[in-house]
Structures are given as C-alpha cells and as structure tokens.
Amino acid sequence: MFRNSFQHRFVTVFSSSGSKPLAIWDVHTKNGHSRRVTDEAVRSLTFELIGVNVATTYMVAPCCPCPSLCIKLPFLVMLVKNLKKFFSFEVQILDDKQLLRRLRFSNYQSCTRVDNFSTSMPLSMTPGWNQVQLNMAELIRRAYGTNYVETVRIKIHANVRIKRIYFCDRLYTNDETPGELRLYPPIRPNRLEQFKEQQKKQAKIPHEPIETVRPTTPVEDFSTYSTPQDVLAPAQCVVETTT
C-alpha cells in the first residue's frame, strides 16, 4: 500500500480526526460497537472499539484486497486510552529471511511466549491515555535473530479508544513531534494574553524624546494694500475735535 510512497520521518496509518479515518481499515464487530466519540481528556474525536469478546471485535489494516502495508519505518507509535478492560493488538512483520513474524501484545497476559512464527508479550498501560512506542527492529532481532524489513499488517482488538497510529524512523521528543501527532496538542495562547504581553513589553521601553520644531515667523499679508506706498506709509492717527 505504501510501497511507492515516500516514507520519511512519519507515516500515519490511522487518524480519528480525519474525514475518512477507516479508509484503509476493515472493521469487524460482534456483540459490540465501533464509533467515533469526543473524548474530554484530549478534547478531540477518538475512535472507540468495544466488544464482549476481544477476538471477535477488531479492526485490521490494510483492507482487502491490498496484501501488505509495506511500511519500512521500524518504530510504531499508538495513542490509545486504557478503558480498564481486556485489550490486545498484533503486528505482522516481514524479516530478512522472507518469513512473516507476528508480534502480539495484550494487557491480560503476564509472561512472554516465543514460537516459531509468533511472539506474545504482556502490555502494561497506565489509567487514561497512553503513548505506546514499539521498536519493531529490536523486538524481531531479540526474538528471532533476524533483521526487520517491513510491516505487513496491523490488527487492533477491543477494548480501546484510539486517537492516532503512525510509524517513524526514530523516537522523537515531544518538541520534535508535529502538533497533530502529539497526544496533547500545544496550547495556543489567548489573544487577550498576547495583547497584555505586548503592552508589558512596550511599557518597559523608555519613551524617546520628541523633537520639537520652532514655529516659523508669521508673514504679513500685503495683498490688502492698494499701492506700495500704502505699505511703506506710517500709520496715521486721526483725532476728531468737537467745539
């Protein structure tokens, strides 16, 4: 599916806030439900997968008839919520011996079991939202002594809430990860707070002296005089006398 795509840094395979979150997924529910709900903790849309039996309620990628995801990036990151119920998921991987290995993780197992083609491992999750990070290359090397080639299939079983599932070439810090891939997106400052901060910065800057310009000397308007002699003639004072 992603074989001909440019796989650099991050490749998202599921996003609950997208317009078509199940575009490459097949969902099977029996005695359960699958729906999008708004989670108050993360304040965004999430996909909820609930079922009585973990084995009969699941979602799998890629959907038919595509045979493989063909993702080369070795790190798998899942943003999921612990609903305090049985939950499991599995990842099918192709190694350098051209063999398919299956890694299974669940919160109801207490020990690790390694078979010829599958490995079961316990999954420990804290209450609430979790960021599950798995190094597929390291797990395959420890379990079978082979090298990771690509991820073929992902299968998520009930019971869980999912926000995002993506692959990356290495583990990134929270500051290096884009905002849409974080569990809690960065909070944008309020406009009122930005305005107050600008006012504080402006108050700290000393006021520069304002340069004043001396007004020019008013020029008398000679247009009211009829002749040039009137301009040069001294002012005459007329005194009227009464007898």
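The chain is numbered in sequence order, starting from 1.
Remark: R170 qualifies as a cation-pi partner of Y172 under the 6.0 Å distance and 45° angle criteria applied to the six-membered ring.
Within 6.0 Å of CD on E40 lie no more than 12 heavy atoms contributed by other residues, nucleotides or ligands.
At least one side-chain heavy atom of I162 sits less than 4.5 Å from a side-chain heavy atom of I156.
Remark: side-chain polar atoms of S5 are not paired, donor with acceptor, to backbone N or O of Q7 under 3.5 angstrom. Checking side-chain atoms of N107 against main-chain N and O of F87 turns up a donor-acceptor pair under 3.5 Å. A distance-only check finds no donor-acceptor pair linking the side chain of W129 to the backbone of R161 [under 3.5 Å]. Between the N130 side chain and the G128 main chain, a donor and an acceptor come within less than 3.5 Å of each other. Using modelled atom types, one side-chain atom of R182 and one backbone atom of T177 make a donor-acceptor pair closer than 3.5 Å. Within the 3.5 Å criterion, the main-chain N or O of L45 finds a donor-acceptor partner in the side chain of S16. D26 places a side-chain N or O within donor-acceptor distance of the main-chain N or O of C64, the cut-off being under 3.5 Å. Judged purely by atom type and a 3.5 angstrom limit, H157 uses its side chain to pair as donor or acceptor with the backbone of V54. Between the side chain of D96 and the backbone N or O of N147 there is at least one donor-acceptor pair closer than 3.5 Å. Proximity of a side-chain donor or acceptor of R164 to a complementary backbone N or O of E180 within less than 3.5 Å is detected.
Between F105 and F89, the ring planes are parallel. Angles under 30° get that label, and only those over 60° would be called perpendicular.
By the ring-ring contact (aromatic ring centres under 6.0 Å, His included) test, F86 is found to be paired with Y108, residues two or more places apart in sequence or in another chain being considered.
From K163, atom NZ reaches atom CD of Q131 across 10.0 Å, with rounding to the nearest 0.5 Å.
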Yes or no on salt bridge (Lys or Arg N to Asp or Glu O under 4.0 Å) for D95 and R101, after CA distance, side-chain angles and deciding distance? CA-CA 7 Å; D95 61 6; R101 313 287 187 177; 2.9 Å; yes
Side chain to side chain donor-acceptor pair (under 3.5 Å) evaluation trace for S88 with Y58: CA-CA 9 Å; S88 68; Y58 60 90; over 6 Å; no
